[in-house]
Amino acid sequence: MSEKILNNLKIKVWRQKNAQTKGQFETYPIDNISTDTSFLEMLDILNYQLVEEGKDPIVFDHDCREGICGTCSLFINGRAHGPDDDITTCQLHMRKFKNDETITIEPWRAKSFPVIKDLMVDRTAFEKILQSGGFVSVNTGGVPDGNAIPIGYDDAEAAMDAASCIGCGACVATCKNSSAMLFVSAKVSHLARLPQGQVEAARRAKSMVAKMDELGFGNCSNTGACEVECPKGISITNIATLNREYLKAKIAD
Amino acid sequence: MSLTGFFLMSFLIVHLTVNLLLIFDDTGVLFNQAAHFMVSNPIIKVVEPVLAIGFILHMIYAGILTINNMVARPVGYKKVNQKQASTWASRNMFVLGSLIVIFLILHIMNFYWKLKVEQSVALIMVDGAEMHDTYTLVSSLFKASLIYNLFYIAGAIFLGIHLTHGFWSAFQTIGWSGNIWRKRIEVVGKVFAFLIALGFSIIPLYFIIKF
Ligand code: HEM
Ligand code: SF4
Ligand code: FES
């Protein structure tokens, strides 16, 4: 794909000083952006420009910039992680945009993900959900022991698919109900499929769901938007697995 | 939500089956007998209040759920582009449900109220048994007014759209879905929704065309 230069872009971005203030949109013009620039590099360039103008740079989350850590976020032109499918914002490139385009950038919006500053939100709620059950408390031995436990191909694949969740929160951000079901279901069904996780399966399903509700996430109504926007393609069949595990645990009580 | 949804869907099947008798016998004998069987049957006596409770619980849960979900996002997005991510029906279940409620209120006033509360429906003898002339009650309404026919068709369509999402959603909620079953249930759900909408629409359509 040959490189092109984009001009006359307008970046309409959410600016908010801190969690207490209200925040508003600001629009900044930017020129001379190569289509090979990544989206976050474009924001870096914009931030240089802002600093030179004596303005506050835009704060946004990022870390690995290679699509594996789950730190980057951003709701771009109405979609979590932007217009491309199955990638994180750090993997999004400017070739997805056109000359003269206004690009709207908003933070993840959910009561449980309060804005810290500008586009950066507090995703501690996900850690709290993990702490409530996203672990195994048995000793699983060293690396060679992993190969000593035979696990069927389908289960291994399904568990690996679920385990590929990077905890970015796009599912919550895109869900019209701000529900964390996809995230929770990925953890629950990942561990419920493996012998190491099965011991605590019932307790895990109950306490993670309870934690998720307690933290103020919304209720899943199966719209399926999360799996479309999830950068890792986590399927909502995991949610069916979670519902099954949860019902099983409740009936057993 | 899903249990009440399943219950309401099973009710719809019975309700539609009885209603379709309206168009297979213009003398009304068949429908009157079926309606009489329904009211005189002890099982139905039990099911009737259960049905009312089912509707009420479904509506209460729907309300609580919808409010909770609105509270979960106090600051909304300026720009949302969800067309490719989810279906319109799945995002508007409460709107569709509310339209169904409006329909239901009028529907109950049209028929149930006159039969049970006002007791203003004439009694007739059919095959030696005395019963309400439900057929005349229903058919005269549909023969009298085009508006009513269209209103019933609209109700059926809203219900159908509600079910294009509701059917599969109910299965997903109880965990009956997987890589294989998901596609099957989605297809069956669409067919079910279509048949319900079509089935309930055919009756007023029949009266528009025939009378
Ligand atoms: C005969 C009438 C009705 C039938 C057969 C029906 C059926 C269903 C079904 C099967 C579901 C999916 C349940 C689930 O996902 O677990 C559903 C969801 C829903 N219904 Fe109804 N419904 C009816 C009337 C109503 C009414 C009167 C309302 C009133 C507001 C309503 C509001 C909702 C809402 C908001 C949902 C979404 C909740 C969710 O998906 O979790 N419905 N309905
Ligand atoms: S399920 Fe997908 S969208 Fe949700 S946190 Fe995990 S990777 Fe992100
Ligand atoms: S910065 Fe690590 S996934 Fe985007």
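Sequence lines set the chain letters: A, B, ... in the order given, protein chains first and strands last, and positions in each chain run from 1.
- No donor-acceptor distance shorter than 3.5 angstrom exists from the side chain of B:Tyr77 to the backbone of A:Glu106, with no hydrogens or angles considered.
- For A:Lys117, the NZ atom counts as densely surrounded, since its 6.0 Å shell holds more than 12 non-hydrogen atoms of other residues, nucleotides or ligands.
- Only the side chain of A:Leu247 has a heavy atom closer than 4.5 Å to any heavy atom of chain B.
- No more than 12 heavy atoms of other residues, nucleotides or ligands sit less than 6.0 Å from atom CZ of B:Phe37.
- For the atom pair OG (B:Ser86) and NZ (A:Lys176), the distance works out to 8.5 Å, reported to the nearest 0.5 Å.
- Within the 3.5 Å criterion, the main-chain N or O of A:Gly78 finds no donor-acceptor partner in the side chain of B:Asn81.
- Between B:Ile174 and A:Asn243 the shortest side-chain heavy-atom distance does not fall below 4.5 Å.
- For the pair B:Gln82/A:Thr174, a side-chain contact is recorded, criterion being any heavy-atom separation below 4.5 Å from C-beta on.
- The candidate from A:Phe217, A:Tyr246, A:Phe75, A:Phe113 with the greatest count of non-hydrogen atom pairs under 4.5 Å with chain B is A:Phe75.
- By number of non-hydrogen pairs under 4.5 angstrom with chain B, the leading residue of A:Cys175, A:Gly224, A:Ser112, A:Ala80 is A:Cys175.
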For this session: Show your reasoning for whether side-chain contact (heavy atoms from CB on, under 4.5 Å) applies to A:Ile236 and B:Arg182.
Result: CA-CA 10 Å; A:Ile236 57 172; B:Arg182 175 173 175 187; 3.5 Å; yes
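- Heavy-atom distances place no part of A:Asn238 under 4.5 Å from chain B, backbone and side chain included.
- No side-chain heavy atom of B:Pro74 sits under 4.5 Å from any side-chain heavy atom of A:Arg109.
- B:Trp181 does not touch chain A: none of its heavy atoms, backbone or side chain, sits under 4.5 Å away.
- Interface with chain A: from residues 55-73 of chain B, residues B:Leu65, B:Asn68, B:Asn69, B:Val71, B:Ala72, B:Arg73 qualify, criterion being any non-hydrogen pair under 4.5 Å.
- Separation of atoms NZ (B:Lys79) and CD1 (A:Ile105) is listed at 11.0 Å; rounding is to 0.5 Å.
- Contacts between A:Pro107 and chain B at a heavy-atom distance below 4.5 Å involve the backbone alone (N, CA, C, O).
- If you measure heavy-atom distances from A:Ala158 to chain B, you find no contacts under 4.5 Å at all.
- Proximity to chain A involves both the backbone and the side chain of B:Arg91, based on heavy atoms less than 4.5 angstrom apart.
- The greatest number of non-hydrogen atom pairs below 4.5 Å with chain B, out of A:Ser179, A:Pro83, A:Ser221, is found for A:Ser221.
- The 12-atom threshold is exceeded at NZ of A:Lys10, counting heavy atoms of other residues, nucleotides or ligands nearer than 6.0 Å.
- Between the SG atom of A:Cys220 and the CD atom of B:Gln172 there is a distance of 7.0 Å, given to the nearest 0.5 Å.
- With a 4.5 Å cut-off on non-hydrogen atoms, A:Lys248 does not touch chain B at all.
- Residues A:Arg244 and B:Gly175 approach most closely at NH1-O, 2.7 Å, considering heavy atoms.
- Residues of residues 140-155 of chain B lying under 4.5 angstrom from chain A, judged on non-hydrogen atoms, do not exist here.
- Interatomic distance, B:Lys78 NZ to A:Thr104 OG1, rounded to the nearest 0.5 Å: 8.5 Å.
- In this structure, B:Trp88 places its CH2 atom where more than 12 heavy-atom neighbours from other residues, nucleotides or ligands lie under 6.0 Å away.
- When heavy atoms are compared at a cutoff of 4.5 Å, A:Glu227 approaches chain B solely by way of its side chain, counted from C-beta outward.
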